[in-house]
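The structure under discussion appears below in the form of structure tokens.
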Protein chains: 2
Amino acid sequence: MTGTNLTPLNVWRRAMVDNVRRDAPDLSARQMAALLTVYMTAPPHTVRGLASRLNVSKPAITRALDRLSELGLARRKADPRDGRSVLVQRTVKGSVYLSEFAELIAAAERDGAAQARLGGASSMRR
Amino acid sequence: MTGTNLTPLNVWRRAMVDNVRRDAPDLSARQMAALLTVYMTAPPHTVRGLASRLNVSKPAITRALDRLSELGLARRKADPRDGRSVLVQRTVKGSVYLSEFAELIAAAERDGAAQARLGGASSMRR
DNA sequence: CCAATTCGTTCCGGCTGCGAATCGAAATTA
DNA sequence: TAATTTCGATTCGCAGCCGGAACGAATTGG
């Protein structure tokens, strides 16, 4: 009965567990949210824009960008129109990273659907 | 064109961003993975079992359980059969938390599908 | 030209999670 | 019973992220 309700969550669980199991550098929720936003929404992306979109402080975005740059998953570029602004740009490495992540989610969807048919959801006990 | 490939990832992005935007106590990846495993896979759940399943050390699980207990999302119970073991149990609060999270993902799926039709994925630039 | 505003970064103390080693309690083995 | 093994918790020093305040640089407005 609860199986239908939990299916998308089960996909999330599988992807989450697989991600934790990897040795891959694990990004914090904020870092991941920033990375995904940069790659999957229309540019340009600025520090203040990301801060506003994610509802966090600007220093938090600066720190996230420090980390992402350090990993080569994104990079900063001076805005030619406004010297104060910083444009956040994509990298090849970041594209690869997200492609792999997408595949991890896809795999979780496939396996999750298979397991749901076996009734693996179990009951919700108090 | 790339939209098809990115759709599941886009759902992940939306859920991730929405989750970051909330003031809700944000769990680390490990904590979330542990929580999901406890609620969505068959009991019993022990520290060593979770450590093995998530491929992390036992102290890491102990710390995660400390945090989850503190938030009321899970609780420990002595194993009546083996005094050394600890059984990790579900709570009502945890069930509510995950239900809300599932709804957040479902909303992301709905909105993500709508946006994909508008071509919001944009191109992958080097 | 000079003040006010905007933008991103840096500094500050504090908190949390990390791995590795160690611990005591409980169970198992001999 | 005595030695060993297993289980989870605890301790240690360390690294990373936190929010808020203050900062320098660039732009804007009078």
Side-chain angles (χ1 to χ4, degrees), chain A residues 16-17 19-38 43-90, chain B residues 16-17 19-38 43-90:
Chain A
M16 205 76 185
V17 169
N19 190 43
V20 166
R21 284 189 63 88
R22 296 186 177 288
D23 281 343
D26 54 312
L27 305 176
S28 72
R30 287 183 177 184
Q31 290 162 359
M32 191 62 177
L35 184 67
L36 289 165
T37 299
V38 167
H45 295 289
T46 63
V47 170
R48 69 188 178 287
L50 290 171
S52 168
R53 205 192 271 258
L54 302 187
N55 196 33
V56 298
S57 67
K58 286 191 296 178
I61 297 297
T62 292
R63 285 188 294 262
L65 291 181
D66 286 345
R67 175 75 173 142
L68 294 178
S69 299
E70 172 187 322
L71 294 173
L73 302 180
R75 64 194 161 107
R76 289 183 244 237
K77 177 177 179 292
D79 186 335
R81 300 181 180 241
D82 186 337
R84 296 169 301 178
S85 259
V86 162
L87 300 178
V88 184
Q89 306 212 305
R90 301 163 185 168
Chain B
M16 204 77 185
V17 169
N19 190 43
V20 167
R21 286 189 62 87
R22 296 186 178 288
D23 280 344
D26 53 310
L27 305 175
S28 72
R30 287 182 178 185
Q31 291 162 359
M32 191 61 177
L35 183 67
L36 288 165
T37 298
V38 168
H45 295 288
T46 62
V47 171
R48 68 189 179 288
L50 291 172
S52 168
R53 205 192 272 258
L54 302 187
N55 197 32
V56 298
S57 67
K58 286 190 297 179
I61 297 296
T62 293
R63 285 189 294 260
L65 290 181
D66 286 345
R67 174 76 173 140
L68 293 178
S69 298
E70 172 187 321
L71 294 173
L73 301 179
R75 65 195 160 106
R76 289 183 244 239
K77 177 176 178 292
D79 185 337
R81 301 180 179 242
D82 186 337
R84 297 170 300 178
S85 260
V86 164
L87 300 178
V88 184
Q89 305 213 305
R90 302 163 184 168

Under 4.0 angstrom between A:R63 side-chain N/O and D:dC18 OP1 or OP2: yes
- [ ] Report yes if at least one side-chain N or O of B:R48 is closer than 4.0 Å to OP1 or OP2 of D:dT6; otherwise report no.
- [x]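 No, B:R48 has no side-chain N/O under 4.0 Å of OP1/OP2 on D:dT6.
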Looking only at non-hydrogen atoms, find the nearest pair between [X] and [Y] and report the distance.
X	Y	answer
B:R30	B:A60	NH1-CB, 3.3 Å
A:T46	A:L87	CG2-CD2, 4.2 Å
B:T37	A:V17	OG1-CG2, 3.7 Å

Gap between atoms [atom1] and [atom2], on [X] and [N] respectively (whole Å):
X	N	atom1	atom2	value
B:R84	D:dT4	CZ	P	17 Å
A:R67	D:dG16	CZ	P	7 Å
A:K58	D:dC17	NZ	C1'	19 Å
A:L54	D:dC17	CG	P	15 Å
B:I61	D:dT10	CD1	P	15 Å
B:R75	D:dG8	CZ	C1'	19 Å

Heavy-atom nearest nucleotide on DNA chain D taken for A:R81 and for A:R30; more 5' hit belongs to A:R30
Nearest-nucleotide 5' precedence on DNA chain D, B:T46 against A:G83:
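It is B:T46, whose closest nucleotide lies nearer the 5' terminus.
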field: Global bending angle along the helix from C:dC1-D:dG30 to C:dA30-D:dT1, which compares the axes of five pairs at either end, to 10 degrees
entry: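 Roughly 10°, once rounded to the nearest ten degrees.
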message = Apply side chain to side chain contact (heavy atoms under 4.5 Å, CB included) to residues B:L71 and B:L27 and explain how you reach the verdict.
response = CA-CA 10 Å; B:L71 294 173; B:L27 305 175; 3.5 Å; yes
Report which part of the nucleic acid [X] touches: base, sugar-phosphate, or nothing (heavy-atom distance under 4.0 Å, all strands).
X	result
A:D82	sugar-phosphate
B:S85	sugar-phosphate
A:S28	nothing
B:Q31	sugar-phosphate

Q) Is the count of non-hydrogen atoms from other residues, nucleotides or ligands lying under 6.0 Å from A:R22 atom CZ greater than 12? A) no
Considering only NZ, NE, NH1 and NH2 on the basic side and carboxylate oxygens on the acidic side, decide whether B:R84 and B:D82 come within less than 4.0 Å.
->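 Looking at B:D82 together with B:R84, the answer is yes, because their closest N to O distance falls below 4.0 Å.
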Which residue in the set A:H45, A:R48, A:R76 passes side-chain contact (heavy atoms from CB on, under 4.5 Å) when paired with A:V86?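 That would be A:R76; it is the only one of A:H45, A:R48, A:R76 passing the side-chain contact (heavy atoms from CB on, under 4.5 Å) with A:V86.
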One should read off an interatomic distance between A:L54 CG and A:Q31 CD, to the nearest 0.5 angstrom, of 11.5 Å
Output for pair (A:E70 CD, A:L68 CG), nearest 0.5 Å, gives 9.5 Å
Covered region of DNA chain C, 5' end to 3' end, by chain A [heavy atoms, under 4.0 Å] |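 So the contact region on DNA chain C extends C:dT6 to C:dT10.
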Contacts of B:E70 and B:A60 projected onto DNA chain C by closest heavy atom; the upstream (5') one is B:E70
The complete set of side-chain hydrogen bond (donor to acceptor under 3.5 Å, both in side chains) pairs with one or both residues in residues 50-60 of chain B, sequence neighbours excluded, reads none
